[in-house]
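When a ligand or atom number is given, it counts from 1 through the structure's own listing order.
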Amino acid sequence: MKRIAVLTSGGDAPGMNAAIRAVVRTGIEEGLEVYGVRHGYDGLMAGDWSLLDRRQVGGIMQRGGTILGSARSLEFKTESGRQLAIQKMEQAGIEAVIVIGGNGSQTGSHALSQMGFPVLGIASTIDNDLYGSDITLGVDTALNVALETIDRLRNTAASHQRAFLVEVMGRKCGYLALMTALAGGAEAFVIPELEISPEAIASELADAYNRGKSHAIVVVAEGSRNNATALLEHFQQHHERIGFKLRASILGYVQRGGNPGLFDRILGTELGAAAIQFLLNGRFGSLVGRIGGEVVATPLDVVVSTRKKLPEHLLKIAKILAR
Ligand code: F6P
């Protein structure tokens, strides 16, 4: 193998740049030419790539986002889009591609692999909803951003004896919300895996008040049926009966834009370097992630067909500690 490509796809995640840097420098060390594809699968279909050298990936590790750019490509979801990508790569002599991304991106890499093209994925999404890595690239930094916000809100909530909602990202997965609630000492949390009604939230908060708490923080996952918007509306409508108001902060993209912390820089470096070794060993059609402290390659067909579960023990602890 002589020539490979690397791309970042889907929602950007802090640590992607560390992974790109590791792929490029380890690849060069192994005698490979590494091409950086711009804007994910869109760039692959357009043949929009350039050869990267060691210096071009210098000074990027501490930066959030991805120097290659990312995209959510609709065209790549079609067979003809993927055929076009394969054709472009074959014409350019590119023999394998490394895809740094989350669920949607790895569904794309799996489809490419099914069509016979050598692919390796690197587990990267702030949502931590991807099977094949205990923790994916970007999660740790996104959680630290959310945590900082909670700490700030707690200050103002305590000063005014108020109750606050903090909505975090995560799509249909409650991992970010659960961990933020645990580490931020929230009074309650709302996640898609464990839906709770607005009235139940109201009584949990009233209980907290009766137990002597002067303020409250509720962490809400964006993918919950009762997300921050729905809860606010309910509390506003029934304000008189419930007896107190809620204020809300929706964190949104702020969580994705942080500069990667130590954990994500190391994880990106580890996974990027390992991806080259797996590639040289012919472990195509796999996702590179970390499980139980070991860097492993999990077959993409297992990755795309398995749902990652929330850690049960942490769910239990979170409920006890919120009291
Ligand atoms: O998958 C990462 C993520 O940030 C989710 O948490 C969020 O729901 C989604 O991406 C937002 O997607 P987009 O960047 O396409 O608006």
Whichever hydrophobic residues join Ile291 through chains of side-chain contacts under 4.5 Å: Val296
Ligand 1: protein residues within heavy-atom distance under 4.0 Å: Arg72, Ile126, Asp127, Met169, Gly170, Arg171, Glu222, Tyr253, Arg256
Partners meeting side-chain contact (heavy atoms from CB on, under 4.5 Å) with Ser286 (sequence neighbours left out): Leu120, Arg283, Ala297
Which residues share a ring-ring contact (aromatic ring centres under 6.0 Å, His included) with His239, sequence neighbours left out: none
ILVMFWY network linking Ile100 to Leu280, side-chain heavy atoms under 4.5 angstrom: yes
Test item: Glu222 side-chain N/O and Arg171 main-chain N/O as donor-acceptor pair under 3.5 Å: yes
Phe263, CZ: over 12 other non-hydrogen atoms inside 6.0 angstrom: yes
